[in-house]
Amino acid sequence: MAGGGGRPQNIFKLNRGNDPKEVLNWRLWFAVVSFGIMGAARGIDEGLISGTLSKSHFMHQLGLDKMDDVELANVKGNISAMVQIGSVGGAGLAFLLCDRIGRLWATRQLCLIWILGVVIFLTNGGRLGQVYAGRFIAGLGIGQTTVVAPVYLSEIAPKSVRGLCTCAFSGSVYIGIMLAYFASWGSQLHIPKGTSNQWVVPTTIHVMFAGIIFILSFFNYESPRYLVKIGQDDKATANLARVRGLSVDDEHVIKEISDIQNQLHEEQEATLGAGWVGILKEMFLMPNNFYRIYLGLFSQLLSQWSGAQSITIYAPEFFALLGTKGQNEKLFATAIFGVVKFVAAIICALFLVDVIGRKRSLGIGIGLQALSMCYIAAFLTAVPQLEGGEKFTSSQQHAATGAIVMIYLSGFGWAMGWNSMQYLLNAEIYPLRIRAISSSMVMCFHFVNQYGNSRAVPNMLLPKHDGGIGPAGTFWLFTVITLIGGAWAWFFIPETAGRSLEGMDRLFTLRWWQIGRFGENEANEQVIASEKLEGEKENVRTQAVEVERV
């Protein structure tokens, strides 16, 4: 089986391994931008919903301003989490559509569903049921982006920059968050208070991005790996040649198509049955494939409950806990938080994931996140919550400022660690035959956990006498889960940087408890042995030719 290995590549030194220089061309970067910005779908929703829920017109229109604290927490949790519920179905739907109609048409239909849901939400007219319905339908579209975009990007990217290309998706989450935060803040400053435009205008960002992605899809090429899977090898070769900037008879293109065909052939021979039953057996009864699914599921579980996603969705409320008062001040602090996370995502994509490797980047990010959560938890435990017109003492104010800095640091750690890795691993570790279904299943689990977290946090923040665990208890829980996630990642996640999609199998040949720590070394040794064997075969062929000449 073909494959690659070796150290992570630094694209700024043009150390492309055995990739020719032509592969880094404008068609590749255009595809990366076109599909990468799908990440903004989630970011826009996460960044807008907390601001929308705080707008006086929205609250009055739906009667939220007449609810007590417990009822309001429940309704806020339901509204926020409804997109996650829809996204569970969307992620599952993406598998069927990706493999039935292709990556491009799957993109187009998800944009239309996304727009439809947003329009239903915007025209709710005070009907809470319509708000739920609109956000659920929008979630059906948004959930598909987390499967379609990473799978497409991983399949068209050269192995030396696959981390960068796939991180364009996770980085775009922060473009969406940042734009949403600033839109909420700007509407608070410049649109008259108490009008529908205060929340309607920012929400139209959804429609703008969905429309842009829909249009750009018509200027891109279908994934060569998908075309090989459905038997259109000639078209796959032509598309790969265009994306690589090479001719169809170039040695690099021929070899890459051959590797894809060989892997698919081997997977078909190894499958444990026919049809759906065979695919499910291949996923869960073949140990190396089951281990990959285990990695995908647990990375989603530990990342979603580490708390960083909750801070993104409920950022104004968390800043209020740390002493930031006034709607403008909270939204400004939230907007700066969006900038910090966006810059962190850019730094991670350009300088870390393909340079220092996935696993090291993840470890540093988790470390920063754990430090931040622990400090905030300690602050909320030691310093009483402000009520009415109370103010912090001088020492408490300094500690509160430190806690706000830690909110920003947690965002940096999340962007550098779990947020990039939960999409990147899920896009690149599965064999071609089960890639779409495995990725969809894991992203369904992603949204189940995100729904649970989004729905639970408003209630978790309530005082103990109202059934919650309080702000301090919430952050202590996040701290413990983050530390557990760091230990688990070190033991079980192998380094995947610098390795072709067809070469991933070499990482999973050891026993399950050895893969995380020794899988990379084992894979590299297999590559060296394979290259040595090929060299010996070439020498034998050369000697045979010389003998014939004599």
Side-chain angles (χ1 to χ4, degrees), residues 40-90 93 109-145 176-177 179-181 183-188 190-211 214 312-317 327 331 334 447 450-451 454-455 457-459:
R42 279 187 52 242
I44 290 169
D45 183 71
E46 292 169 7
L48 280 179
I49 192 59
S50 59
T52 300
L53 290 171
S54 67
K55 295 297 190 287
S56 58
H57 180 276
F58 186 83
M59 294 188 69
H60 178 72
Q61 180 171 277
L62 294 170
L64 305 184
D65 53 352
K66 298 181 178 65
M67 298 178 181
D68 60 38
D69 289 346
V70 175
E71 186 180 7
L72 179 61
N74 285 324
V75 173
K76 277 188 173 182
N78 287 334
I79 293 174
S80 298
M82 198 55 64
V83 162
Q84 278 75 51
I85 297 176
S87 294
V88 173
L93 184 63
Q109 60 79 33
L110 76 82
C111 290
L112 297 178
I113 294 174
W114 179 11
I115 291 171
L116 175 63
V118 172
V119 170
I120 292 172
F121 171 74
L122 289 173
T123 57
N124 67 80
R127 295 176 290 272
L128 186 59
Q130 186 170 329
V131 169
Y132 290 155
R135 287 184 56 75
F136 176 84
I137 293 171
L140 289 174
I142 292 171
Q144 292 184 62
T145 65
I177 290 172
L179 291 175
Y181 283 164
S184 292
W185 181 42
S187 69
Q188 182 71 22
H190 302 295
I191 296 178
K193 189 176 181 180
T195 64
S196 61
N197 284 341
Q198 269 209 319
W199 62 274
V200 169
V201 171
T203 304
T204 58
I205 297 177
H206 278 291
V207 179
M208 298 175 195
F209 267 80
F214 181 82
T312 301
I313 295 174
Y314 298 109
E317 286 85 347
Q327 188 65 11
L331 289 175
T334 301
F447 285 113
Q450 193 177 68
Y451 162 73
S454 301
R455 180 63 186 83
V457 164
N459 295 85

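This chain uses plain numbering: 1 for the first residue, then up along the sequence. Because the structure is predicted, anything quoted here is derived from the model rather than measured.
With contacts defined as side-chain heavy-atom distances shorter than 4.5 Å, the pair Val118/Thr204 does not qualify. Inter-residue side-chain proximity for Asn124 and Gln61 is flagged as met; some heavy-atom pair is nearer than 4.5 Å. When side chains are defined from C-beta on, Lys66 counts as touching His60, because their heavy atoms get closer than 4.5 Å. Using a 4.5 Å heavy-atom cutoff, the side chains of Asn74 and Arg455 are in contact. Taking the side chain as every heavy atom from C-beta outward, Val83 and Arg135 approach each other to under 4.5 Å. Using a 4.5 Å heavy-atom cutoff, the side chains of Phe58 and Thr203 are not in contact.
Taking each heavy atom of Ile142 and Asp45 in turn, the nearest pair found is CD1-CB, 4.4 Å. The two residues Ala41 and His206 have their closest heavy-atom pair at O-CE1, 4.1 Å. When all heavy atoms of Ala210 and Cys111 are compared, the pair lying nearest together is O-SG, 3.5 Å. Among all heavy-atom pairs drawn from Ile49 and Ser80, the shortest one is CG1-OG, 3.9 Å. In plain terms, the two heavy atoms of Pro202 and Asn197 that are nearest each other are CD-O, 3.7 Å. Here the closest non-hydrogen pair linking Ile205 and Ala183 is CD1-CB, 3.6 Å.
Between the side chain of Glu46 and the main chain of Ile177, no donor-acceptor pair closer than 3.5 Å is present.
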Pair Trp199-Ile191, side-chain contact (heavy atoms from CB on, under 4.5 Å): steps then yes or no: CA-CA 9 Å; Trp199 62 274; Ile191 296 178; over 6 Å; no

Steps toward side-chain contact (heavy atoms from CB on, under 4.5 Å) verdict (Leu72, Leu64): CA-CA 6 Å; Leu72 179 61; Leu64 305 184; 3.9 Å; yes

side-chain contact (heavy atoms from CB on, under 4.5 Å) evaluation trace for Lys55 with Ser187: CA-CA 10 Å; Lys55 295 297 190 287; Ser187 69; 3.4 Å; yes

Evaluation steps, side-chain contact (heavy atoms from CB on, under 4.5 Å), between Val457 and Glu317: CA-CA 11 Å; Val457 164; Glu317 286 85 347; over 6 Å; no

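The aromatic ring centres of Phe214 and Trp114 sit 6.0 Å or more apart.
Between the CG atom of Leu48 and the CG atom of Leu53 there is a distance of 10.5 Å, given to the nearest 0.5 Å. Atoms NE2 and NZ, from His57 and Lys193 in turn, are 13.5 Å apart once rounded to the nearest 0.5 Å.
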